[in-house]
Amino acid sequence: MAFESLTSRLQSVFQRLRGKGKLDEKEVTAALREVRLALLEADVNFRVVKDFAARVQERAIGQEVLQSLTPAQQVIKIVHQELTNLMGQTHSRIELAPKPPTVLMVVGLQGSGKTTTVVKLARYLQKQGRSPLLVAADIYRPAAIKQLTVLGEQISVPVFSMGQGTSPVDISRAAVRQAIAQGRDVVLIDTAGRLHIDEDLMQELEAIKAAVNPQEILLVVDAMTGQDAVQVAETFNARLSVAGVILTKLDGDTRGGAALSVRAVTGRPIKFIGVGEKLDALEQFHPERMASRVLGMGDMMTLIEKAESAFDAQQAREMEKKLRTNEFTLEDFLEQIKQMKKMGPLEEILGMIPGFNKMKQLKNLQVDEREMVKTEAMIKSMTVRERRDPGIIDGSRRRRIARGSGTRVQDVNRLLKQFEQTRKMIKQFVGKDKGKRRLPQMPF
Amino acid sequence: MFKKLWQGLTKTRQGFVDRIKAVVGSSTAIDDQLFEELEEILITADVGVDTTINLLDRVRAEVRARRLFDPQDVIGVLQEQIQQMLAEGSGELDLTKKPTVILVVGVNGTGKTTTIGKLAHRFRQDGLSVIIAAADTFRAAAIEQLQAWGQRAGADVVHHQAGSDPAAVVFDALAAARARRADAVIIDTAGRLHTQRNLMEELKKVRRVVAREVPDAPHEVLLVVDATTGQNGLQQARLFGEAVQVSGIVLTKLDGTAKGGIVIPIAAELGLPVKFVGVGEGVNDLQPFIAAEFVPALFGDHKL
């Protein structure tokens with residue numbers, strides 16, 4: 001799957017960038033190449049990707065790597081932050097007109113999901129205590145009016161239509177009059193969709209706009225749209241000055257790079273996303289989630305945030321000093337287990353790492369929660385002296401520790417052996433990368 | 001007919017081939033910079049990163065093998081290579097079976113119903129009798145939309161009520177086709193995202209019913225892909241292919257600025273040929289896709 005290939009690609013970048021203290025230009029360039037490809041594969045427009053990469057590069061070079069992150073994670077973090085910024089804030093609000101009715105015009109290409117979205121919006125506003133009126137101004141597509149009528153009925157919102165014989169401008173004007181007469185406070189106009197290059201359609205939409213002076217014009221964009229999203233958004237925005245964007249069909253597996261393109265070229269907020277065929281499947285837009293999705297990173301960001309908050313910098317520094325001087329003891333081991341636990345259930349954490357389940361060599365690692373609990377119990381059953389100097393733990397002490405922690409002597413043996421190996425591993429690691437700051441890998 | 005295709009592709013040509021020509025025209029040698037700019041143009045046409053790299057590698061190899069030095073020659077090589085990637089299959093459908101059953105599938109909003117209307121019109125022009133099965137029982141007014149097309153094309157539409165079982169509609173349509181000795185049955189299905197497991201199961205069931213009722217059917221399973229679709233199109237083709245064994249692609253909305261480049265990876269990676277392209281809103285604007293005609297039309301080659 002495309003998704004998996006991307007995450008594994010990012011992982012290989014991680015590997016290449018491992019073990020550095022500062023982000024230097026060469027590394028950043030290498031990482032950004034992958035990010036650029038990822039964005040292109042997610043259908044972010046070429047131009048937008050170029051600008052974006054340049055900006056990230058500037059910000060990333062020379063940055064100090066945070067204690068708890070690998071340099072690659074740090075790059076991704078910056079990329080993610082910039083993406084989130086670029087995508088704007090959560091802005092799921094419709095500006096209502098000071099004097100009702102509020103007229104909203106919904107525009108977009110054929111097949112982008114305008115009619116469904118208009119009805120979802122009506123439902124959304126209805127839930128907020130508004131009384132919307134739906135207007136069937138698509139007089140071209142066969143049965144478009146019928147479709148709106150049927151959907152309107154399903155949510156009990158009246159649909160204003162004058163058939164296919166009246167011009168959309170006249171229909172819209174009459175609809176607003178009727179809304180005033182009947183005390184409906186929001187008028188939602190479902191306009192015809194065509195290809196945006198169609199001059200006739202653009203003129204028609206401009207005429208409707210001039211006739212009813214809508215409070216907001218909302219552009220509906222299919223989340224699966226490719227590079228052309230930029231053209232669509234630019235054209236509609238230039239001609240009609242849209243207030244916001246609604247992204248549809250996000251319930252599929254598209255990475256939705258169109259979101260970024262549209263946002264970048266129009267500067268308008270993405271107000272809502274369509275996430276299903278049900279009429280209340282209209283959700284708020286979350287920039288940070290969209291950023292993760294576009295990058296194809298699963299919940300990597302959440303994981304990075306968890307790591308950041310769980311390991312405080314002070315502890316990390318002490319740990320690192322101990323490592324360098326080879327003073328790593330079972331007490332520190334215990335401390336690490338506690339830190340891991342702060343991050344949440346191990347399985348959940350591992351699940352957040354993209355592609356983790358595919359890494360066979362990690363399968364035989366003890367990812368068992370219970371194993372961690374056992375380890376903790378055993379260490380806690382040791383005296384302080386034993387923890388600091390495991391060398392003194394002889395047979396009799398082992399038996400006592402096993403009894404105290406409700407485990408078997410074999411378990412204690414295994415723990416001690418594991419600890420010794422870890423210590424050796426760390427020694428090698430620290431020896432190789434003298435002075436380089438990084439937390440050790442968890443020994444389980 | 002070629003003229004029609006040529007006209008329909010005007011926008012695409014302007015955004016794609018004219019850019020290539022401009023880049024080639026301003027290059028003095030076949031160098032890395034030229035290839036970088038070609039890469040940008042191809043990616044911007046939704047060809048996708050992997051396929052673009054692959055395509056340009058082939059072009060590079062050809063350029064070397066033939067010892068080409070003039071940047072102008074790159075256009076011809078690129079045209080050949082795109083054509084090669086798209087080459088499989090011809091655009092015409094085999095309509096000799098009686099009835100020939102064509103199942104039309106795709107995600108929401110790609111233009112399935114419109115495509116079916118145009119297909120029916122085409123078959124009617126050839127003097128065939130056509131039955132359309134309104135198996136999109138989900139979308140509001142889908143049946144009415146199809147009926148409007150049926151009337152325009154002169155094809156019978158077999159339908160049930162909205163919300164009924166699509167497989168049952170198909171069963172009835174096939175029975176009607178046998179009774180009336182129809183030449184072709186075109187099945188419209190509800191648009192669905194390829195990730196919706198239940199709806200994909202429903203589609204498999206439709207296919208099973210068809211296979212049970214008519215030996216060797218469906219004879220064609222056409223996936224309708226919107227030319228504006230980005231890289232998700234490949235995933236659509238893959239998953240619809242797994243579910244109902246898609247036999248070809250109909251690329252719609254190609255008269256816009258979108259280039260429809262996604263069909264190149266679909267053809268190259270999945271071996272699915274493009275069978276038709278939609279180049280306009282008129283009833284005649286569905287054109288059979290033949291790579292040897294399409295690519296030259298795209299490149300604006302008048303020699304044909």
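Lettering of chains follows the sequences in order, A, B, ..., and the numbering in each one begins at 1. Values reported hereafter were calculated over all heavy atoms of this structure, with side chains retained and with hydrogens, waters and symmetry mates removed.
Ion pairing between B:E201 and B:K204 holds under the 4.0 Å rule for side-chain N and carboxylate O. Ion pair A:E277/B:R139 not flagged as a salt bridge, since none of the NZ, NE, NH1 or NH2 atoms sits closer than 4.0 Å to an Asp/Glu carboxylate oxygen. Ionic pairing of B:K21 and B:D18 is not present here: no N-O contact between side-chain nitrogen and carboxylate oxygen is shorter than 4.0 angstrom.
Within the 4.5 angstrom heavy-atom criterion, no atom of B:I53 approaches chain A. The contact between B:T229 and chain A is made by backbone and side chain atoms together, counting heavy-atom distances below 4.5 Å. Heavy atoms of A:R47 lying under 4.5 Å from chain B are absent altogether. Interface remark: B:Q236 contributes side-chain atoms only to the contact with chain A (heavy atom separation under 4.5 Å).
The line from CE of A:M224 to CG of A:L250 is 9.0 Å long, rounded to the nearest 0.5 Å.
Partner B:I41 forms a side-chain contact (heavy atoms from CB on, under 4.5 Å) with one of B:L78, B:T52, B:V47, B:V23 and no other, that one being B:V23.
No other option in A:T254, A:V230, A:V150 has as many heavy-atom pairs under 4.5 Å with chain B as A:T254. Of the listed residues (A:I145, A:N45, A:T248, A:D251), the one with the most heavy-atom contacts under 4.5 Å to chain B is A:D251. Each of B:G48, B:G230, B:G233 has some count of heavy-atom pairs under 4.5 Å with chain A, and the biggest count is that of B:G230. Taking A:K249, A:Q154, A:K50 one by one and counting their heavy-atom pairs under 4.5 Å with chain B, the maximum is reached by A:K249.
Relative orientation of the A:F272 and A:Y124 rings is perpendicular, given thresholds of 30° and 60° on the angle between their planes.
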